[in-house]
Amino acid sequence: MSASPSASGNLDYSTEEFLAVTLAERVLDAGHLVVGANSPIPASAALLIQSQSGGSAEVTILGSREFMQFTDGGKELFDFAAQGRMDAFFVGGGQIDGQANINLVGIGDYPGSKLRLPGSFGSAYLYHLVPNVVLFRKEHSRRVLVPKVDFVSAPGTSPANQYRVGGPRWLVTELVVMEFNAEKARFRLHSIHPGHTLEEVYDRTGFEFDTTEQPPITPIPSADQLTRLRGDVCRALAPVYPDFCQKAFGV
Amino acid sequence: MSASPSASGNLDYSTEEFLAVTLAERVLDAGHLVVGANSPIPASAALLIQSQSGGSAEVTILGSREFMQFTDGGKELFDFAAQGRMDAFFVGGGQIDGQANINLVGIGDYPGSKLRLPGSFGSAYLYHLVPNVVLFRKEHSRRVLVPKVDFVSAPGTSPANQYRVGGPRWLVTELVVMEFNAEKARFRLHSIHPGHTLEEVYDRTGFEFDTTEQPPITPIPSADQLTRLRGDVCRALAPVYPDFCQKAFGV
Amino acid sequence: MSWQPLEQLVAQIDDGARVAIPPDYSGVAMAATFALLSRGVRDLHLVAVPQAGLQADLLIGAGCVKIMEAAGVSLGEIGLAPRFREWAQQGRLQMMDATCPAIQSGLQAAEKGIPFMPIRGILGSDLVALRDQWQVIDNPYGEDDPILLVPAIRPDVALFHAPLADSRGNVWVGVRRELMLMAHASATTLVTVEENYDGDLLADPVYAAGTIPHFYITGTSLAPGGMRPLGFFGDGSVTDSEHLIRYEKLARSEEGFFQYLEEQKIQLAGVNQ
Amino acid sequence: MSWQPLEQLVAQIDDGARVAIPPDYSGVAMAATFALLSRGVRDLHLVAVPQAGLQADLLIGAGCVKIMEAAGVSLGEIGLAPRFREWAQQGRLQMMDATCPAIQSGLQAAEKGIPFMPIRGILGSDLVALRDQWQVIDNPYGEDDPILLVPAIRPDVALFHAPLADSRGNVWVGVRRELMLMAHASATTLVTVEENYDGDLLADPVYAAGTIPHFYITGTSLAPGGMRPLGFFGDGSVTDSEHLIRYEKLARSEEGFFQYLEEQKIQLAGVNQ
């Protein structure tokens with residue numbers, strides 16, 4: 001994509017920049033964004049929002065020194081979310097299914113999994129409590145996007161009587177943006193990234209989803225967004241992810 | 001008592017010193033003693049134990065700066081007790097009854113009390129969780145030591161099925177030491193302070209208690225105890241209670 | 001966030017607000033309290049964390065308090081809190097009598113976003129019957145093992161005085177972490193501050209350990225001496241005992257209480273007497 | 001209390017002990033772990049607070065671990081934890097899969113001496129069915145409102161590496177208060193320490209704010225660099241990525257894992273292979 005993005009004007013941008021901007025568009029109004037460890041692209045998105053907000057948006061990046069402003073130990077992040085202070089959170093998933101269930105525990109039957117993954121971390125909790133959870137998994141394949149996850153680390157929806165103030169709203173991959181409809185418990189294709197087709201999306205998605213016949217194309221980064229990414233965001237992120245910054249922002 | 005204690009040898013001591021020693025004898029084996037705010041005599045007792053232990057006994061004095069070693073806020077004291085780390089605690093009571101129920105809330109019918117007292121503070125909790133709670137009320141009168149308290153801030157005993165790892169063990173007043181028998185839910189007269197009689201105790205106590213016909217006399221302070229009180233204890237306590245130290249220890 | 005004048009700070013405390021206040025040894029915002037008295041705030045629900053003293057007594061005596069939730073109200077070694085005592089005895093105050101750890105646990109439940117917290121002890125105290133919202137259940141992890149539940153306490157406002165804050169609104173409280181708990185549990189946190197910290201409290205790992213991050217703080221006002229006449233852990237100052245002894249004496253009567261206020265040059269707006 | 005040699009420190013960890021360990025970013029006692037490996041400790045129940053990495057993988061690979069309680073085990077950006085992965089896949093490890101806040105709440109319940117703690121979220125996760133001790137009750141403060149309870153987690157030992165301790169055994173952990181929670185919740189707390197603090201950490205109000213008082217601490221050993229090859233919040237050092245990359249590669253096979261141990265000059269006592 002970085003060579004000649006099909007829908008671009010004169011702008012040249014990297015895949016990482018495109019995805020960061022696409023993620024950022026999902027969380028425009030968030031006052032406090034939290035990014036998990038080892039997640040440079042979501043971190044870039046969060047810092048882009050912070051830059052666009054003139055600094056008023058707060059960003060917490062787990063595992064970083066610079067963007068970790070908690071002072072009450074490991075529990076604070078979760079208490080903070082339960083207090084309703086966390087607006088947006090990015091999370092991945094070894095498997096994601098069409099009901100937005102996510103699996104971070106293992107592929108195959110538990111416990112003798114075919115592939116044991118690290119574990120659910122905070123997902124089982126934050127998935128219920130953060131109003132805008134954005135699923136981000138770069139790989140778009142039938143291996144990842146499955147009809148039914150082998151293990152539910154965190155459920156996409158809950159019965160009406162269960163206390164739930166948050167949940168998945170968006171899924172962003174290297175191919176698409178999907179919006180999750182909790183009432184229908186289904187994803188709807190929101191846009192396809194430049195250079196890809198609906199057929200390709202069907203081909204590489206293991207679950208059913210709603211779509212129009214001609215879904216929109218995901219907007220490409222604006223000049224302003226690229227300037228911020230290569231300036232503010234890169235400066236902020238370089239101490240945390242030096243290698244990533246060089247690759248993503250070319251600086 | 002300070003002029004010529006009836007059972008004394010050549011030792012001269014103040015009432016405060018006598019009571020501090022008498023309290024200390026109740027908590028000889030405590031590894032960590034906790035004293036409430038505004039309680040200089042129990043504080044002296046705790047620091048005497050610390051001095052006798054060669055410094056290994058820990059003393060926490062609520063409301064002091066010097067003897068407050070907690071670092072996790074107001075809740076820590078209570079968590080600490082529930083963890084089983086607090087061995088002994090001194091507590092008073094507006095009323096104390098023969099079942100060792102204590103009342104720190106008010107005299108008369110709640111809420112329109114005849115005399116509203118400050119409140120239960122931590123007593124309702126610590127009374128259940130600290131193995132050796134020592135009741136200390138200097139005034140020994142039928143006004144304080146009543147047949148039945150008007151309000152139970154904390155109960156002396158609990159039904160067998162209730163979780164209870166602590167409770168009142170001793171009552172010390174200006175007149176006596178009583179030991180509490182939780183199974184019988186009754187006090188037993190342990191000793192009478194020098195110069196007082198069993199008749200006087202009956203006369204001034206509002207509840208029934210067990211006793212032998214000739215209860216022992218409470219031992220007076222030893223020379224070593226007085227040296228420690230006027231040395232180690234006084235030095236430690238002077239910053240917290242300067243007026244008290246001058247009065248009690250004459251230094 | 002940035003510094004704001006004291007009047008602006010206390011203007012954020014509405015009539016009827018549930019306000020969490022610290023004990024006398026932990027940074028009481030007295031200057032803010034005097035400002036509240038002057039404003040004539042009404043119908044406060046004070047939550048003492050877990051006990052209160054002069055601050056509560058003043059607000060009660062001036063008719064600002066409807067509900068008093070506390071494990072204890074007194075002037076410490078000075079004696080009973082005279083206005084509290086009289087109002088309580090006359091039934092003019094809705095008392096929510098508690099015990100210290102029940103208030104701490106209620107705030108921790110709010111901090112954790114859970115509806116209740118179990119707590120040991122307390123059973124058999126008359127407090128249990130008084131407090132409708134305290135429930136006894138059978139411990140699901142035991143057998144025939146009753147245990148008390150206390151509901152979350154979610155104050156509208158936490159109000160206290162702290163030693164240091166920086167211009168981002170980070171507030172240093174050191175070991176006085178009940179202040180941090182109050183901030184986590186409350187919807188709004190208003191802080192008067194002894195001294196400006198020139199720099200970022202969170203950037204220094206030693207100061208950071210005792211700092212409430214700015215995103216819990218609604219407003220800060222620079223108010224040196226804002227705890228007087230009470231003592232302060234921040235500068236090691238002790239309570240002005242003579243002041244409190246005089247207060248205790250005067251405030252035994254309503255007339256004396258208003259004489260005290262006059263002496264302190266506190267003008268009450270619309271006293272509800 | 002006073003300083004003790006590392007061997008004496010780890011000698012207090014019995015076979016079968018339930019040992020709480022911090023995440024990789026929060027002071028992992030690697031030197032103590034190497035000593036445990038050499039001693040050939042067995043049947044540990046590791047409680048990751050709330051996740052683990054190299055430390056757990058080494059202990060698992062050497063056959064020291066019977067039960068693994070964690071919200072996640074991985075080498076972070078380096079990749080999956082290879083020995084954990086293989087042992088889990090082969091069913092050789094009793095897994096107690098959790099989610100981060102459930103472990104924090106379990107430790108807080110132990111800290112508070114209560115049998116359980118309610119926690120929001122999690123319902124609908126397959127974790128709930130896996131964990132016998134997790135119970136769903138109807139919120140007594142709601143209506144038709146199911147809520148999860150998790151039982152207290154009371155480790156026998158908390159083991160970690162801290163930046164500073166003084167000769168009384170006070171341990172400074174700064175903002176890394178999960179270490180303080182571990183100490184409060186555990187019967188025994190063993191700490192390797194980067195540097196001696198000359199003085200009393202509790203006497204300085206700024207240091208005190210980040211200090212675990214000595215009466216929670218069972219033993220301290222001076223072990224500069226005792227977190228290597230992991231990074232450390234105390235001195236700002238970062239993980240030796242090359243070391244971990246090599247480990248990850250070698251430890252994909254059992255043979256490679258033992259080759260790694262040999263390279264690190266770790267002699268295993270009585271390997272249970």
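Fair warning: this is a prediction, and the values are worked out from it, not measured in the lab. Just so it is clear, the values below take in all heavy atoms, side chains as well, and ignore hydrogens, waters and symmetry mates.
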Engaged part of [X] at the chain A interface, taking heavy atoms whose separation is under 4.5 Å:
X	value
D/Pro101	both
D/Gln104	side chain
D/Leu80	side chain
D/Gln108	side chain
D/Ile119	side chain
D/Gln89	both
D/Ala88	both
D/Ala98	backbone
D/Leu75	neither

Checking [Y] against [X]: is there a side-chain donor and acceptor pair closer than 3.5 Å?
X	Y	value
A/Arg137	A/Thr173	no
A/Glu66	A/Ser64	no
D/Gln133	D/Arg131	no

Which one, [options], leads in non-hydrogen pairs under 4.5 Å with chain A?
options	answer
D/Asp126, D/Val238, D/Val73	D/Asp126
D/Glu143, D/Arg120, D/Glu86, D/Gln51	D/Arg120
D/Ser74, D/Gly76, D/Pro23	D/Gly76

Requested in this report: Indicate the ring-plane relationship of A/Tyr110 and A/Phe151, choosing parallel, tilted or perpendicular according to the 30° and 60° boundaries.
Outcome: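 Geometry flag for A/Phe151 against A/Tyr110: tilted rings.
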
- Which word best sums up how the rings of A/Phe244 and A/Phe249 line up, parallel for under 30°, tilted for 30 to 60°, or perpendicular for over 60°?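 Perpendicular, since the angle between the ring planes exceeds 60°.
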
Problem set entry | Selection from A/Asp72, A/Thr71, A/Asn161 maximising heavy-atom pairs under 4.5 Å formed with chain D |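 Winner by heavy-atom pair count: A/Asn161.
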
- Largest heavy-atom contact set with chain D, pairs under 4.5 Å, which of A/Pro155, A/Pro118, A/Ala81: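 So the answer, after comparing A/Pro155, A/Pro118, A/Ala81, is A/Pro118.
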
Less than 4.5 Å to any heavy atom of chain D: does that hold for the side chain of [X], its backbone, both, or neither?
X	answer
A/Val149	neither
A/Ser123	backbone
A/Arg65	side chain
A/Leu115	both
A/Ser153	backbone

Is the A/Phe180-A/Phe187 ring centre distance short of 6.0 angstrom?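 Centroid distance A/Phe180-A/Phe187: below 6.0 Å, so yes.
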
Would you say the ring centroid of A/His32 lies under 6.0 angstrom from that of A/Phe80?
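Yes, they do, as the ring centres are separated by less than 6.0 Å.
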
Calculate, to the nearest 0.5 Å, the distance between atoms [atom1] and [atom2] belonging to [X] and [Y] respectively.
X	Y	atom1	atom2	answer
D/Tyr207	D/Asn170	OH	CG	13.5 Å
A/Leu47	A/Arg235	CG	CZ	11.5 Å
A/Glu179	A/Arg169	CD	CZ	9.0 Å

State plainly whether the residues A/Glu208 and A/Arg186 are in salt-bridge range, i.e. N to O under 4.0 Å.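 Salt bridge between A/Glu208 and A/Arg186, a charged N being under 4.0 Å from a carboxylate O: yes.
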
Any salt bridge linking D/Asp97 with A/Arg116? Criterion: basic side-chain nitrogen under 4.0 Å from a carboxylate oxygen.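 Yes.
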
